[in-house]
> 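Quick one: this structure, given as structure tokens, is what I'll be asking you about.
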Number of protein chains: 2
Amino acid sequence: MHRGGGGASGSGQNAAEMRSFNQPCRTCPLRDRPGLVAPDAGQREWIERHRAGERAVPRGEEVLRQGAPGSRLFTVLEGVLMRSRLLEDGRRQVVNIMFPGDLVGLQAAFDGEMGHGVTALTDTRLCLFPRDRFMELVTDQPRFAYDVIWLSAREEDALEQHLVALGQRPARERVAYLALWLVERGLQTGLVAPDSAVATLHVPITQGQIADMLGLSLVHTNRTLQALRKAGQVDWNGTRIAIPQLETVRAMVGFDPRGLPKRPYI
Amino acid sequence: MHRGGGGASGSGQNAAEMRSFNQPCRTCPLRDRPGLVAPDAGQREWIERHRAGERAVPRGEEVLRQGAPGSRLFTVLEGVLMRSRLLEDGRRQVVNIMFPGDLVGLQAAFDGEMGHGVTALTDTRLCLFPRDRFMELVTDQPRFAYDVIWLSAREEDALEQHLVALGQRPARERVAYLALWLVERGLQTGLVAPDSAVATLHVPITQGQIADMLGLSLVHTNRTLQALRKAGQVDWNGTRIAIPQLETVRAMVGFDPRGLPKRPYI
DNA sequence: ACCCGTTTGTGTCATTTGACATAGCCGAGC
DNA sequence: GCTCGGCTATGTCAAATGACACAAACGGGT
């Protein structure tokens, strides 16, 4: 992980882990997110019929383990998670960050086995679907099929952007890109106040995790973060990402405003 | 493109470009590919009803241009293509390589605008779908919805693997990884003879394109290719990729045999 | 309040990779 | 057969990034 250096591990099972409960879709916390379009009453009814309840996952907990069977998918109701792949020798690549409304676990629903692990970065609530019931939902209700494909296409687009960052951007631009991408995602899902003077996203991410997402060493990540902070462009500490000059950073990164259509969710 | 250095461009329109014609699905060249499952007669009927014919694209031609409207999708019938993203300043990231059976253009079908360009690496035949008719196909026929989601999930998986390569692998391993990935893909789609002593895929790819796919400079790519050739591990020239010791390279790259389920196509 | 593991920060040096410059090669067109 | 442009190859040097070693801050648990 992050190019050598000692590593953290999965950490312990505490009592609060994975409490599960059930709320009607009417009160779904996703309903009033600015960048999301809520399903109508008819859709909600279908969703309620197919889902298997909710689950709360505390910060730091691993939700799905790479290599595990992967018999369920979920939609993120609240919180932020990290999707990552491990190589045999311990190197780790953080592949993407998941926000409220995102659908997680689709790939494993086909492959049978998780190609990546998923870990909660904040306390999180998830809406669970057993794999088979989810497939029914998709094949019986064209509207859901359409939405799932829509979400897949978006996810693919996000991965392409990350790929461009890793392949073409130098460290500094890379970090700025990631910060911006996260903040934009936060704006979209209502985690970032759109009117505040300095766009700020509160998510605990360690420098090691940033390093593993951007393919940089931990040390170099640290130095790059400091440089960006000193330049007044991005101020990112372990708790929160602040972008004092949003427009400057957008220009540096070549921000494409096309990336912000309203997203459906399931 | 490939970290500075002079660049090639889109190249000229020649007479043979984009000839279009129509063959029944019964004679579809994808039918007997080893790693693909062909649609049954009923599905073929639906496909024939929704598709808009075929198109032949000569090697080197750009099939879809980044930023263009993106009003159609297609399935690759024959040949190999390259999907790439351009930054404003000319840097280019090759995002993935498309093989027979792959579905291209899904993202743009939703966004309205192509996020990447698609270029034919070999002479190519495509099966075209107008965007709207394709959506009908998907929403009317659950089986196709299922298959499209399946293909999306696989594409996402591929991009994740590339992301790991760019983020975690040093140059040499990166090149070996790409060579192996391409050859495995070739095996799957019948472009690589499974029994030959040396697994070999015939596709013309320039070192500049490899560089732009792996996020390496052209010069370094060149040297890395030579090193791999000298080591007898991967012999990759502008015409063809040969992997003399398939198992050795699989071990070096941590090849995951899970990646080879039979693929549906549309 | 103390301990201890994790995270952040800093200095120094090694390595990988990139930049530039230039030459040979090879295929396409005249 | 020659010229031309893109591709491949090679040498030399510079820059970006990684490795290692260690200190300081932080945070959770007892």
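Numbered from 1 within each chain, the chains take letters A, B, ... in sequence-line order. Computed from heavy atoms alone, side chains included, the values below leave out hydrogens, waters and symmetry copies. No experiment lies behind these values; they were computed from the predicted model shown.
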> Starting from C1' on C:dT7, measure out to CG on A:Asp212 and report it in whole angstrom.
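Atom CG in A:Asp212 sits about 14 Å away from atom C1' in C:dT7.
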
> How long is the line joining NZ of B:Lys230 and P of D:dA9, in whole Å?
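Taking NZ of B:Lys230 and P of D:dA9, I get 10 Å after rounding.
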
> Take the protein atom CG of B:Leu218 and the nucleotide atom P of D:dA9, then report the distance between them rounded to whole Å.
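The distance from CG of B:Leu218 to P of D:dA9 comes to 10 Å, rounded to the nearest Å.
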
> Which whole-number value in Å describes the distance from B:Ile205 CD1 to D:dT8 P?
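The distance from CD1 of B:Ile205 to P of D:dT8 comes to 11 Å, rounded to the nearest Å.
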
> Does a donor on one side chain and an acceptor on the other come within less than 3.5 Å for A:Gln168 and B:Gln93?
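Yes, because at least one side-chain N or O of A:Gln168 sits under 3.5 Å from a partner of the opposite role on B:Gln93.
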
> Tell me which nucleotide among D:dC7, D:dA9, C:dG18 gets nearest to the side chain of B:Thr206.
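Per side-chain heavy atoms of B:Thr206, the pick is D:dC7.
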
> Between the base of D:dG11 and the side chain of B:Arg223, is there a donor and acceptor pair under 3.5 angstrom?
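Answer is yes: a donor-acceptor pair is held.
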
> Hey, is the side chain of A:Asn222 poking within less than 4.0 Å of OP1 or OP2 on C:dG9, counting only N and O atoms?
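Answer is yes, contact under 4.0 Å.
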
> Reckon B:Gln226 has a side-chain N or O less than 4.0 Å from the OP1 or OP2 of D:dT10?
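Checking B:Gln226 against D:dT10: at least one side-chain N or O falls below 4.0 Å of OP1 or OP2.
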
> I need the A:Phe255 CZ to A:Glu184 CD distance, nearest 0.5 Å.
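A:Phe255 atom CZ to A:Glu184 atom CD measures 3.5 Å (nearest 0.5 Å).
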
> Among the nucleotides C:dG9, D:dA19, C:dG18, which one has an atom lying closest to any side-chain atom of A:Gln207?
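Taking heavy atoms from C-beta onward, the closest nucleotide is C:dG9.
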
> Would you mind reading off the distance between A:Leu225 atom CG and C:dT8 atom P, rounded to a whole angstrom?
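Rounded to the whole Å, the gap is 9 Å.
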
> Using a heavy-atom cut-off of 4.0 Å across all strands, would you classify A:Arg229 as base, sugar-phosphate, or nothing?
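Answer is sugar-phosphate: A:Arg229 comes under 4.0 Å of backbone atoms only.
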
> D:dT8, D:dG11, C:dG11: which one has an atom nearest the side-chain heavy atoms of B:Val219?
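Among the listed nucleotides, the one closest to the side chain of B:Val219 is D:dG11.
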
> Are there more than 12 heavy atoms of other residues, nucleotides or ligands under 6.0 Å from atom CZ of B:Arg250?
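Yes, CZ of B:Arg250 has more than 12 neighbouring heavy atoms, counting only those of other groups under 6.0 Å.
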
> Can you measure A:His220 atom NE2 to D:dA19 atom P for me and round it to whole angstrom units?
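About 12 Å, once rounded to whole Å.
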
> Could you check how far CG of A:Asp235 sits from P of C:dT8, rounded to whole Å?
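In whole Å, C:dT8 P lies 13 Å from A:Asp235 CG.
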
> Rounded at 0.5 Å granularity, tell me how far CG in B:Asp212 sits from CZ in B:Arg85.
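So the gap between those two atoms works out to 15.0 Å.
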
> Assess the residue pair B:Arg229 and B:Gln226 against the criterion (side chain to side chain donor-acceptor pair (under 3.5 Å)); give the C-alpha distance rounded to whole Å, side-chain angles, the decisive distance to 0.1 Å, and a yes or no.
CA-CA 5 Å; B:Arg229 194 174 308 146; B:Gln226 293 180 56; 5.8 Å; no

> Whole-Å distance between D:dA9 C1' and B:Asn237 CG?
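From B:Asn237 CG to D:dA9 C1': 14 Å.
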
